[in-house]
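Worksheet: one structure, shown below.
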2 protein chains.
Amino acid sequence: MTPPNTLTPMKLAILGLLAQHPRSGYDLVKVFSETAMGGFSSSPGAIYPALKSLERAGLIAGKVVNQSTLRPRQIYKLTAQGTQSLKRHLRQPVTRDDVMRNSDGVLLRFAFAGEVLGQDEAIRILEEFAREIESYLPDLKAQLQALPKAAGPYGRHALQHGIDMYRADARWARKTAKELKQQTTTRPPMRISNAPRTRIRKP
Amino acid sequence: MTPPNTLTPMKLAILGLLAQHPRSGYDLVKVFSETAMGGFSSSPGAIYPALKSLERAGLIAGKVVNQSTLRPRQIYKLTAQGTQSLKRHLRQPVTRDDVMRNSDGVLLRFAFAGEVLGQDEAIRILEEFAREIESYLPDLKAQLQALPKAAGPYGRHALQHGIDMYRADARWARKTAKELKQQTTTRPPMRISNAPRTRIRKP
DNA sequence: AGCGTCATGTAATGTGTTACATGATTCG
DNA sequence: CGAATCATGTAACACATTACATGACGCT
């Protein structure tokens, strides 16, 4: 494991998307450019190197599809090791550090955990997220109180913005956890093994 | 102007902090490490190079303070050009792109604009921010509607998170603009010229 | 014949992160 | 005296961004 267990946001996103179903690099480019996807602006210059790095690390494997046409296309899918690495990453607890400077990453974890590990893990992430925020909020309020009056209103307002955002985060997490629990259709997690049980229909 | 007009978040933050009052590199390290400051984790390895780059670009000037002790300390302050560059940057309109992938930068702009350009500019930024968000929200809601049912609930919830966050952003911006307008103490902007009118008392 | 899109990349560049290095000063 | 803190940096590294390059395919 040359890159130990780091998994940058970009690579996590790629692994998660490939866990949904195999895709080509170009497919990923389109996903990132067309959907909101948590603020990735990502361009080919970021995606293709990341794919190669993931392939070198043995987490994904590309299969060249030459199908009759002469234009080669690489379709990537997760390897067993990649699946394992993704799951390990998704199972990590939500820390205060995540809350402070990686809340986008938590969102990614939530979405992929729901698909890959099942609803229970998604709910766990939501609740840990909310809990960490709620334990962090008093600190922020104390910081707000501690601000010297001389500092002027702008720093105070900026800090208040942070507080408002965290509150909204926590509210969203609680609300979403509740919704997920209420819908009793507790579906099992998606299968992402290499040997799918059901045939894929190609319409 | 070797680096044209780019001004990364880091450099903007440094310029803004130096506009408040001159500081040393170490002072900046402390500010970034002790206060929340919008999610900068920033360490010496980022700050000192940025300072040198800003100095090369002529936006700030360091003055060595040898004062009796043998340990040199660089105190940086904005040059006239740096002040001008900062103001130009702060006066830029808030775009949808800012909203989509740089809302932290907007916050920084707001806080520094209030101090450097005065309350009116700060309010302008808040209102542009809110307006851009409110014009972006329908798009996001449409994306939410357009999500295929088959995609499962997690992507939908993640998107809903984005919507909730933007709503909270807009609410905060409207609220803050209102508060700033209500307090009739329309103070003039801070002086950041190199020739201060009032003597600085050194207690 | 030419343009846009599909599909894959590479190169240059800048920037942040982590970790380490180096001395001086202050405090117990 | 030794430890923590002040204060300044450097080196190695990974990473993303922008811009460019290449070539096939489909449409007009």
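Since the structure is predicted, the reported quantities are computational estimates derived from the model, not experimental observations. Chain A is the first sequence line, chain B the second, and so forth, proteins listed ahead of strands; every chain is numbered from 1.
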Could you tell me the separation between the CG atom of Leu54(B) and the P atom of dG14(C), rounded to a whole number of Å? 14 Å

Side-chain contact, heavy-atom cut-off 4.5 Å: Phe112(A) with Leu15(A)? no

Note, Leu126(A) side chain near Leu180(A) side chain (heavy atom, < 4.5 Å): yes

To the side chain of Tyr26(A), which of dA7(D), dG9(C), dC6(C) is closest? dC6(C)

Listed partners of Arg124(B) passing salt bridge (Lys or Arg N to Asp or Glu O under 4.0 Å), at least two apart: Glu121(B), Glu128(B)

What is the distance, to the nearest angstrom, from the CG atom on Leu7(B) to the P atom on dT15(C)? 10 Å

How many Å lie between CD1 on Ile14(A) and C1' on dA16(D), as a whole number? 12 Å

Restricting both atoms to N or O, compile the protein contacts to nucleotides 16-21 of chain C shorter than 3.5 Å, with distance only.
| unit_1 | atom_1 | unit_2 | atom_2 | d |
| --- | --- | --- | --- | --- |
| dT17(C) | OP1 | Ser41(B) | OG | 2.6 |

Counting only side-chain heavy atoms from C-beta out, which of dT10(D), dT8(C), dT8(D) sits nearest to Lys52(B)? dT10(D)

Pairs in or reaching into residues 132-150 of chain A: which pass salt bridge (charged side-chain N to carboxylate O under 4.0 Å, His left out), with residues at least two apart or in two chains? Arg96(A)-Asp139(A), Glu134(A)-Arg174(A)

Can you tell me if Lys30(A) touches the phosphate of dT8(C), counting only side-chain N or O atoms and a distance under 4.0 Å to OP1 or OP2? no

Take the protein atom CZ of Arg73(A) and the nucleotide atom P of dC25(D), then report the distance between them rounded to whole Å. 14 Å

If I take atom CZ in residue Arg56(A) and atom C1' in nucleotide dC15(D), what distance separates them, rounded to the nearest angstrom? 13 Å

d(OH, Tyr48(B); P, dT22(C)) in whole Å: 17 Å

Across all chains, not counting sequence neighbours, the ring pair (Phe, Tyr, Trp, His ring centres under 6.0 Å) partners of Phe129(A) are none

Can you list everything that forms a side chain to side chain donor-acceptor pair (under 3.5 Å) with Lys175(A)? Sequence neighbours excluded, please. Asp164(B)

Here the distance between atom P of dC6(D) and atom CD of Gln74(B), to the nearest Å, is 19 Å

Please list all pairs meeting salt bridge (charged side-chain N to carboxylate O under 4.0 Å, His left out) that have one or both residues in residues 17-35 of chain A, counting only residues at least two apart or in different chains. Asp27(A)-Arg73(A)

Without decimals, in angstroms, what is the distance between Asp27(B) CG and dC6(D) C1'? 10 Å

Within less than 4.0 Å of OP1 or OP2 of dA14(D), is there a side-chain N or O belonging to Ser53(A)? no

